[in-house]
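Each ligand, and each atom within it, is numbered from 1 in the order the structure gives. Numbers for residues simply follow the sequence, beginning at 1.
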Amino acid sequence: MKNVITIDGPSGSGKGTISKLLANRLGYRYLDTGALYRAVAWKVREDNINLDDENALRNLLENIRIELDSNRISVDGTDVTSEIRTAEIGELSSQVSAIPVVRAGLFSIQRNLCLQGKVVIEGRDTGTTIFPEAENKFFLDAGLNERARRRFEELKLKGPGITIGQTLEDIRKRDERDSTRENSPLTRTEDMVYIDSTSLSIDEVVEKIMKSLKK
Ligand code: DC
């Protein structure tokens with residue numbers, strides 16, 4: 001028994017908040033896999049790497065040093081916790097995540113953590129590709145308008161000038177790319193418990209998950 005809980009779902013579905021609370025409650029570790037793709041996107045922008053340059057990307061993945069705990073993330077010694085949460089890095093991370101060398105480069109970090117057990121891992125492919133043998137898999141969803149509203153509330157604190165309309169359009173585009181890419185797209189499978197959080201509170205979602213956990 002590894003005690004791995006996977007939570008997949010689209011942007012703004014509440015995966016981050018819910019996974020963190022769940023991990024705290026269970027005394028498990030927590031891995032936000034989206035933060036890994038955001039960290040790579042940050043480095044791609046920092047080093048001005050062209051997304052078509054496969055060798056440069058492979059080299060980046062071989063050398064990047066990502067350190068993360070439940071609160072902070074750093075890339076090659078620079079704290080990027082706040083910088084990776086912008087709309088720009090969100091978009092770039094989605095583009096970067098469709099590239100096979102990037103996914104391959106991040107696979108073992110995620111897989112190894114799951115093999116150690118007692119972890120809540122969240123993202124787009126955690127229950128399908130990273131740890132398909134997990135005992136407990138969830139797919140967290142919410143309506144597009146509600147997801148855009150949640151994301152907008154986060155983003156407006158970071159950059160004035162952002163609009164709800166633009167946020168909705170960005171999310172829609174990103175979901176489409178994340179769900180239709182060839183490599184490990186966001187997919188809901190039959191062995192996942194589906195939760196629509198559109199009209200549920202955070203606590204209600206956590207309770208639903210706690211009740212569904214197989215012992
Ligand atoms: O969850 P997030 O918004 O922080 O994720 C950023 C991007 O990373 C998302 O648009 C797609 C990608 N991603 C992925 O491809 N696979 C994952 N397991 C997690 C994130």
What atoms of ligand 1 come within less than 4.0 Å of a heavy atom belonging to [X]?
X      : value
Ser94  : 10 (O)
Lys15  : 1 (O)
Arg174 : 3 (O), 6 (C), 7 (C), 9 (C), 10 (O)
Ser97  : 11 (C), 12 (C), 15 (O)
Asp125 : 16 (N), 17 (C), 18 (N)

Within-4.5 Å side-chain heavy-atom neighbours: [X] and [Y]:
X      : Y      : result
Lys137 : Pro132 : yes
Met210 : Arg25  : yes
Phe138 : Leu213 : yes

Around [atom], find the nearest protein heavy atom and jot down its residue, atom name and distance.
atom                    : value
atom 17 (C) of ligand 1 : Arg124 N, 3.3 Å
atom 8 (O) of ligand 1  : Tyr37 CB, 3.4 Å
atom 3 (O) of ligand 1  : Arg38 NH2, 3.0 Å
atom 19 (C) of ligand 1 : Thr33 OG1, 3.3 Å
atom 7 (C) of ligand 1  : Ser93 OG, 3.3 Å
atom 16 (N) of ligand 1 : Arg103 NH2, 3.0 Å

Work out whether the distance between some heavy atom of [X] and some atom of ligand 1 is less than 4.0 Å.
X      : result
Arg181 : yes
Glu122 : no
Arg177 : no

- Salt-bridge test for Lys43 and Glu46: reply yes if a basic N is under 4.0 Å from a carboxylate O, no otherwise. no

- Message: Under a 4.0 Å threshold between the charged nitrogen and the carboxylate oxygen, would Arg103 count as salt-bridged to Asp125?
- Response: yes

For a quick check under 3.5 Å, do [X] and [Y] share a side-chain donor-acceptor pair by atom type?
X      : Y      : answer
Asp79  : Thr81  : yes
Gln166 : Asp170 : yes
Ser197 : Arg150 : yes

- Note on the structure: Result for salt bridge (charged side-chain N to carboxylate O under 4.0 Å, His left out) between Glu91 and one of Arg177, Arg174, Arg45, Arg172 points to Arg177

- Task: Before signing off on this row, confirm whether Asp178 and ligand 1 have an N or O atom pair separated by under 3.5 Å.
- Result: yes

- Message: Working note: Thr189 + Asp191, criterion side chain to side chain donor-acceptor pair (under 3.5 Å); need CA distance, chi angles, decisive distance, verdict.
- Response: CA-CA 6 Å; Thr189 54; Asp191 58 352; 2.6 Å; yes

